[in-house]
Amino acid sequence: FGPLGRSPVARARKLDSLQFVLLALSGAVSTSAVRVVLQPLDVVKTSEQLTRGVQNATDQVAGKQVGDAGIAKFLDAVNNLVTAGGPAALYKGTDATLALCSVVGFTSFGLNEFFRRTFEGFVGSAAEQTNPYIVLGAALCATLVI
């Protein structure tokens with residue numbers, strides 16, 4: 001990595017509207033793809049938190065010690081969800097998640113690139129020498145705008 005790793009492909013390109021839209025679309029697609037893959041884990045986690053929250057409250061009232069859940073409890077939660085609602089139960093709320101992630105991904109990727117190029121223009125940074133602070137600042141600004 002380092003300067004040699006950055007220099008072979010780095011070049012300054014103007015960010016026109018087509019480039020912005022392509023960056024934004026890639027953000028929407030990649031963010032949505034990640035969320036679709038992780039949605040079953042999120043559904044199981046949320047279901048288990050709700051179940052454990054009620055069980056922990058009951059156990060505390062009864063004076064029982066509240067324990068941690070391991071992989072066996074996680075797999076039991078998956079099995080319970082699939083048994084109750086079929087495999088589709090693992091994808092509850094995917095429609096809303098995809099809608100939100102598409103908008104957030106579209107906006108954040110495009111804005112991140114816009115802010116990075118704007119900040120590089122302010123400090124006069126060449127394309128071969130991308131400053132990590134500029135990249136972090138651009139990501140922070142894109143996140144705050146969203």
Side-chain angles (χ1 to χ4, degrees), residues 1-59 66-146:
F1 301 88
L4 185 59
R6 286 187 225 124
S7 63
V9 293
R11 65 175 189 224
R13 281 182 87 172
K14 187 174 185 326
L15 186 61
D16 59 5
S17 59
L18 176 62
Q19 291 294 321
F20 181 82
V21 169
L22 290 175
L23 286 166
L25 284 175
S26 69
V29 169
S30 61
T31 304
S32 298
V34 167
R35 290 304 305 161
V36 165
V37 170
L38 296 178
Q39 185 71 15
L41 293 174
D42 195 37
V43 168
V44 172
K45 174 199 65 125
T46 304
S47 172
E48 189 62 16
Q49 284 174 334
L50 291 171
T51 303
R52 269 199 286 156
V54 170
Q55 185 61 43
N56 288 347
T58 305
D59 288 349
V66 177
D68 290 330
I71 190 72
K73 287 211 180 223
F74 180 81
L75 293 175
D76 285 343
V78 171
N79 190 29
N80 291 339
L81 280 170
V82 171
T83 301
L90 296 174
Y91 286 93
K92 287 181 191 173
T94 302
D95 50 353
T97 300
L98 283 177
L100 174 66
C101 289
S102 295
V103 172
V104 169
F106 186 90
T107 308
S108 66
F109 272 55
L111 285 175
N112 187 37
E113 188 66 18
F114 171 77
F115 284 126
R116 184 185 65 79
R117 289 173 186 237
T118 301
F119 295 160
E120 283 178 349
F122 288 152
V123 296
S125 178
E128 295 88 27
Q129 300 173 351
T130 300
N131 186 331
Y133 296 114
I134 290 176
V135 173
L136 288 173
L140 175 67
C141 288
T143 303
L144 290 175
V145 167
I146 296 172

Quick one: closest heavy-atom pair of [X] and [Y], and the distance?
X      : Y      : value
Leu111 : Phe20  : N-CE1, 4.0 Å
Asn112 : Val135 : OD1-O, 4.2 Å
Gly93  : Gln39  : C-NE2, 3.8 Å
Leu23  : Phe109 : O-CB, 3.4 Å

Once salt bridge (charged side-chain N to carboxylate O under 4.0 Å, His left out) is applied, what residue pairs with a partner in residues 89-101 remain, sequence neighbours excluded?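 Listed by first then second residue: nothing to list.
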Determine which pairs satisfy salt bridge (charged side-chain N to carboxylate O under 4.0 Å, His left out) with at least one residue from residues 23-44, sequence neighbours left out, and list them in order.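 The answer is Arg35-Asp42, Asp42-Lys45.
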Roughly how far, to the nearest 0.5 Å, is the [atom2] atom of [Y] from the [atom1] atom of [X]?
X      : Y      : atom1 : atom2 : answer
Leu98  : Thr31  : CG    : OG1   : 11.0 Å
Thr118 : Glu113 : OG1   : CD    : 9.5 Å
Phe119 : Asn131 : CZ    : CG    : 12.0 Å
Cys101 : Phe106 : SG    : CZ    : 15.0 Å

Counting N and O atoms only, with roles assigned by atom type, does the side chain of Thr143 sit under 3.5 Å from a partner on the main chain of Ala139, one being a donor and the other an acceptor?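 The answer is yes, because a donor-acceptor pair under 3.5 Å joins these two groups.
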Are the side chain of Asn79 and the backbone of Leu75 linked by a donor-acceptor contact shorter than 3.5 Å?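 Judged by distance alone, no pair lies under 3.5 Å.
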My understanding is that only residues two or more places apart in sequence, or in another chain, count here; which of them pass side chain to side chain donor-acceptor pair (under 3.5 Å) with Ser102?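 Testing Ser102 for side chain to side chain donor-acceptor pair (under 3.5 Å), a comparison that skips the adjacent residues, returns Ser32.
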